[in-house]
Amino acid sequence: MTTPSARDDHYQNEVPLLNNRQEIEYDDDDTEDYMVDYKGDRIVFVNNKSKYGGWKSAGLIIIVDIAECMAYYGISANLITYLTGPLGQSTVTAAANVNTWVGFIWMLPVFGAVVADSFLGRFRTIIISTLIYVLGLGLLTLSVVLPSLIGPRDCLLDNNSIYCTFPSFKVVFFFCSLYLVAFGRAGFKPCVQAFGADQFDARNPEECKSKSSFFNWWYFGICLGSSISRLFLTYIQDNVSWSLGFGISTMSLAVALIVFLLGTQTYRYNVKKENENPILRITQVFVAAAKNWKQSDASKDGEVSKSRGIRVGVHQFRFLDKVLINPINSTKNARQCSIAQVEDAKMTLRLVPIWISCLIYAVVFAQSTTFFVKQGNTMDRSIGTSFQIPAAALQILINVSIFIFIPLYDFALVPFARIITGKPNGITMLQRIGFGMFLSTLSMVIAAVIEKRRLLVALNFGLIDRPEVPIPMSVWWLSPQYLLVGLADVFATVGLQEFFYDQVPGSLRSIGISLYLGVLGVGSFLSGSLISIIEHITGGSSSHYSWFSNNLNRAHLDYFYWLLAGLSLAELVAFLYLSKFYLYKRGTLS
């Protein structure tokens with residue numbers, strides 16, 4: 001029996017969707033990928049059905065990701081509380097550290113995807129990266145346990161609260177473990193989602209529709225896993241033990257790996273006929289274009305299309321068509337790029353403006369795990385007479401919004417939109433993303449208004465200089481901004497996942513998912529940089545407080561939210577303009 005891992009040694013795991021939407025024809029279909037079972041045999045469809053893959057396998061992979069999300073959000077959802085509490089960091093330092101780490105969490109998957117698409121294949125990459133991931137979580141739990149066993153170095157009493165600092169090597173150990181988690185997740189996240197989508201064949205009409213629904217229910221599963229963490233693990237961390245909370249995250253991921261391996265014999269494994277590195281194929285086009293930049297335009301002169309009987313097609317990025325002309329001084333046996341390579345390069349290049357125009361959305365996305373939580377910590381969090389809800393647990397409202405609207409979107413909005421637009425998915429992927437950006441902008445406006453009210457309540461009750469006293473304003477006032485962020489996710493985040501998976505060349509599916517994750521990563525870095533710049537500008541004088549003062553009653557998060565609302569509006573205008581000129585791949589449903 002040929003195992004999937006052994007099969008990957010010879011083939012590149014990948015599956016294409018349909019070729020570019022423009023009328024581009026190929027000489028043959030030698031570049032077509034195909035699907036095999038765990039034995040290495042081609043998948044056979046009987047009455048448009050196969051015993052491998054489909055919702056059976058995709059559903060199992062969604063369960064795996066639910067467990068992984070429990071593990072990840074069990075760390076990230078309450079990380080700023082741990083940094084500003086047990087580790088004793090300032091609000092600005094903790095927010096910067098969280099944003100930097102989250103930035104790496106979302107950026108590193110680009111490298112994991114490159115390894116999967118070019119070398120190891122997705123199945124093997126998922127297994128190896130998950131083992132690293134489990135190791136990182138285990139060490140992170142150990143780093144939290146060690147200070148409680150050995151004891152802190154210095155403690156001081158401030159405003160009836162005890163703050164302790166630990167030996168520097170323990171802090172270093174904590175952050176090394178934290179970044180090992182990021183390194184392990186880098187291979188898991190892009191590959192497991194792409195592997196799940198690969199369980200549906202886009203060339204099969206029925207499965208093509210299921211693939212679009214997969215992204216909705218994939219995100220539903222993510223939210224289910226994160227909800228469990230935000231409801232239960234944050235409570236355990238705040239009220240029982242940080243080590244127990246982190247330990248449960250470690251066990252959750254270990255269970256996820258076992259469940260994933262149990263489905264080995266049910267999965268479809270997508271095999272690339274060509275062994276050529278897909279990234280090198282595209283890089284060769286840009287290198288050849290640089291060498292041939294003085295040559296005449298191939299698509300204009302029609303030299304290539306006449307000699308090969310092939311239509312070059314798209315008139316965007318025509319400078320890349322020059323690579324199809326042999327340079328005058330080239331040797332007879334010089335390697336020339338193919339039409340398929342040129343079109344893959346064009347597909348990739350078309351994504352760049354859209355990718356850039358989504359970054360501010362990711363900056364807004366980052367606030368729900370940092371300043372939203374810090375706001376909640378200053379407010380009345382009591383339920384009844386003795387129970388206090390953890391501030392980080394309010395992030396569950398994002399998930400509540402998603403739980404409600406994803407089924408509505410899939411079962412009500414899409415069928416209704418189909419009747420009006422005639423499109424299989426109701427609205428295009430870019431329309432979906434754009435509406436999500438609008439909701440994200442609105443969430444910042446609401447957040448700014450509510451924060452202004454919080455500051456007024458603190459002023460009216462004489463609590464401006466008493467940050468340790470909860471403001472008599474219910475934490476549920478933050479509900480609208482959380483719910484709007486969740487609703488924006490239903491449209492923009494899920495839309496971005498589907499868009500980048502669908503629109504990249506067929507051999508770069510994992511990298512397509514990593515491009516979506518990269519939006520969130522760069523957004524987190526931008527958020528951290530923006531906070532640092534504003535802190536430097538507004539906190540440079542002792543005569544006034546910065547926007548991000550440790551005493552949030554003296555800070556001005558409302559100004560920051562208004563700034564993000566303005567940037568989001570400008571981004572939305574740019575996105576709508578760029579979307580008008582975007583050309584979808586041929587055969588794309590949206």
Side-chain angles (χ1 to χ4, degrees), residues 66-90 93-95 97-98 100-102 104-105 130-157 161-185 188 225-258 369-370 373-374 376-377 381 387-396:
I66 290 173
E68 186 275 332
C69 284
M70 286 179 56
Y72 169 68
Y73 286 101
I75 303 299
S76 66
N78 214 17
L79 182 59
I80 193 167
T81 304
Y82 182 80
L83 296 181
T84 55
L87 284 191
Q89 295 186 340
S90 68
T93 301
N97 281 331
V98 171
T100 301
W101 178 70
V102 171
F104 275 102
I105 279 284
T130 305
L131 290 173
I132 298 172
Y133 198 168
V134 171
L135 176 62
L137 287 173
L139 293 176
L140 191 68
T141 304
L142 182 62
S143 72
V144 175
V145 172
L146 283 178
S148 64
L149 294 177
I150 301 175
R153 182 175 59 185
D154 299 305
C155 293
L156 57 90
L157 182 66
S161 298
I162 298 177
Y163 294 92
C164 300
T165 59
F166 299 99
S168 58
F169 81 90
K170 293 183 183 130
V171 177
V172 172
F173 185 55
F174 174 83
F175 279 102
C176 286
S177 303
L178 196 63
Y179 278 90
L180 186 60
V181 169
F183 183 72
R185 197 171 191 258
F188 177 91
S226 61
S227 296
I228 295 171
S229 292
R230 287 163 174 164
L231 275 177
F232 300 107
L233 293 189
T234 56
Y235 178 81
I236 291 172
Q237 291 163 356
D238 285 355
N239 298 280
V240 182
S241 166
W242 283 97
S243 57
L244 177 60
F246 286 2
I248 292 174
S249 292
T250 306
M251 290 185 289
S252 175
L253 187 63
V255 170
L257 177 59
I258 295 172
T369 57
T370 52
V373 176
K374 295 301 293 182
N377 280 325
R381 296 181 284 119
F387 181 78
Q388 278 205 336
I389 183 173
L394 254 70
Q395 295 173 66
I396 189 66

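Of all non-hydrogen atoms in Val145 and Ser243, the two that sit nearest each other are CG2-CB, 3.4 Å. Here the closest non-hydrogen pair linking Cys69 and Ser226 is CB-N, 4.0 Å. Residues Leu253 and Ala71 approach most closely at CB-CB, 4.0 Å, considering heavy atoms. Across all their heavy atoms, Thr250 and Val134 have their closest contact at CG2-O, 4.1 Å. Heavy-atom minimum distance, Tyr235 versus Leu231: CB-O, 3.7 Å. Pairing each heavy atom of Leu233 with each of Ser249, the nearest pair is CD1-OG, 3.6 Å.
For the pair Trp101 (side chain) and Leu178 (backbone), a donor-acceptor distance under 3.5 Å is present. Side chain of Ser252 to main chain of Ala67: a donor-acceptor pair is present (N/O by atom type, distance under 3.5 Å, no hydrogens or angles). At distances below 3.5 Å, not a single donor-acceptor pair connects side-chain atoms of Gln237 with backbone N or O atoms of Leu79. Remark: the backbone N or O of Ala77 is paired with a side-chain donor or acceptor of Gln395 at under 3.5 angstrom.
Applying the 6.0 Å contact sphere to CZ of Phe183 captures no more than 12 heavy atoms from other residues, nucleotides or ligands. Within a 6.0 Å radius of CZ in Phe232, no more than 12 heavy atoms belonging to other residues, nucleotides or ligands are found.
Remark: Ile389 CD1 to Asp238 CG distance equals 10.5 Å, nearest 0.5 Å. Note that CE of Met70 and CD1 of Ile248 are 8.0 Å apart. Values are rounded to the nearest 0.5 Å.
Here Phe188 and Tyr72 keep their ring centres 6.0 angstrom or further from each other.
Considering Leu139, Ile75, Leu137, Leu135 as possible partners of Val181, the one that fulfils the side-chain contact (heavy atoms from CB on, under 4.5 Å) test is Leu137.
Ser143 and Ser177 are not linked by any side-chain donor-acceptor pair at a separation below 3.5 angstrom, with hydrogens and angles left out of the test.
Relative ring orientation between Phe104 and Tyr179 is described as perpendicular, the plane-to-plane angle rising above 60° on a 0-90° scale split at 30° and 60°.
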Check: Stepwise, does the side chain to side chain contact (heavy atoms under 4.5 Å, CB included) test hold for Trp242 with Thr81?
Finding: CA-CA 11 Å; Trp242 283 97; Thr81 304; 4.2 Å; yes

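Between Asn78 and Phe246, the closest side-chain pair of non-hydrogen atoms is not below 4.5 Å.
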